[in-house]
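A short worksheet on the structure shown next.
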Amino acid sequence: MQQAEAGDTEEETTVDVQFTDLPNALIACKVPEDLFNEGSLKVSFQALFRSFDPAVQFQYFKSFRRVRINFSDALAAAEARLRLHKTDFNGKEMRLYFAQSVHIGSPRLEPPKPEKQFLISPPASPPVGWEQSQDATPVINYDLLCAISKLGPGGKYELHTATPTTPSVVVHVCQDERGDSSAPDDSDQEDNPRPPRPKIIQTRRPDYPPGVNH
């Protein structure tokens, strides 16, 4: 007898846990559109659920053709779903589903943690211990300046020597159109304007043999 009573107690405890985990609201999907406009149809619809819970509340969502039914406890919601799911209402099958409520952490929107606020642009406040870094002194490459100063018109300079796997890099400096490398001053430019630049002649397409056309 004691074992039987212990078994009954365990079953009752299991049933209580299952009912506690169930939500206390149902969602009626694809309800008739007349339900949102006709008062008499609403009264008959609400009467179906008030028989399970007199304090039941309704929320109508016309755009989605859905109704949320809020019960005072999960047991009444489970019984209503068991009895009324896929039953006929105003010529259409009524489908009822449990309304799932998901709570992740706090129900309120919390601000980000202080150590993550520096990721916001602009940041709300710098992280603890942050200090602005000093700009480094610009580096002057004197070798590069010296090489640039030696460049003259008409010459070529090898920047990178060829290797068995890579080609060489050679810079050819353009010559002056007048034939001298000295830059004219402002008075010479006014008296002797530069001649027009020569027209670039496009390279003619080579003639293909007749057998290569197709």
Problem - Tyr97 OH: over 12 foreign heavy atoms closer than 6.0 Å - result: yes
Problem - Shared hydrophobic cluster, Phe36 / Leu48 (ILVMFWY, side-chain heavy atoms < 4.5 Å) - result: yes
Handout entry: Atom pair CG/CD1 of Asn70 and Ile27 - distance to nearest 0.5 Å
Key = 7.5 Å
Problem - Trace of the side chain to side chain contact (heavy atoms under 4.5 Å, CB included) decision for Leu84 with Phe89 - result: CA-CA 10 Å; Leu84 300 178; Phe89 176 75; over 6 Å; no
Practice task
Check whether any side-chain heavy atom of Asn37 sits under 4.5 Å from a side-chain heavy atom of Lys62, and report yes or no.
Solution key: yes
Handout entry: Which atom of Ala99 lies closest to which atom of Pro23, heavy atoms considered
Key = O-CB, 3.1 Å
Handout entry: Heavy-atom side-chain proximity of Tyr60 to Leu35 below 4.5 angstrom
Key = yes
Exercise for the section: Walk me through it: do Phe61 and Val67 pass the test side chain to side chain contact (heavy atoms under 4.5 Å, CB included)? Expected result: CA-CA 6 Å; Phe61 303 96; Val67 181; over 6 Å; no
Problem - Pairs flagged by salt bridge (Lys or Arg N to Asp or Glu O under 4.0 Å) wherever residues 28-57 is involved - sequence neighbours left out - result: none
Which pairs would a plain distance check flag for residues 73-82, meaning a side-chain donor or acceptor within less than 3.5 Å of a matching protein atom at least two apart in sequence or in another chain?
| unit_1 | atom_1 | unit_2 | atom_2 | d |
| --- | --- | --- | --- | --- |
| Asp73 | OD1 | Ala76 | N | 3.0 |
| Arg81 | NE | Leu96 | O | 3.0 |
| Arg81 | NH2 | Leu96 | O | 3.4 |

Problem - Check: Lys86 and Met94 side chains under 4.5 Å, non-hydrogen atoms - result: no
Practice task
Give the minimum heavy-atom separation between Gly91 and Asp88, together with the two atoms involved.
Solution key: C-OD1, 3.3 Å
Exercise for the section: Look at atom CZ of Arg66 and say whether more than 12 heavy atoms of other residues, nucleotides or ligands are closer to it than 6.0 Å. Expected result: no
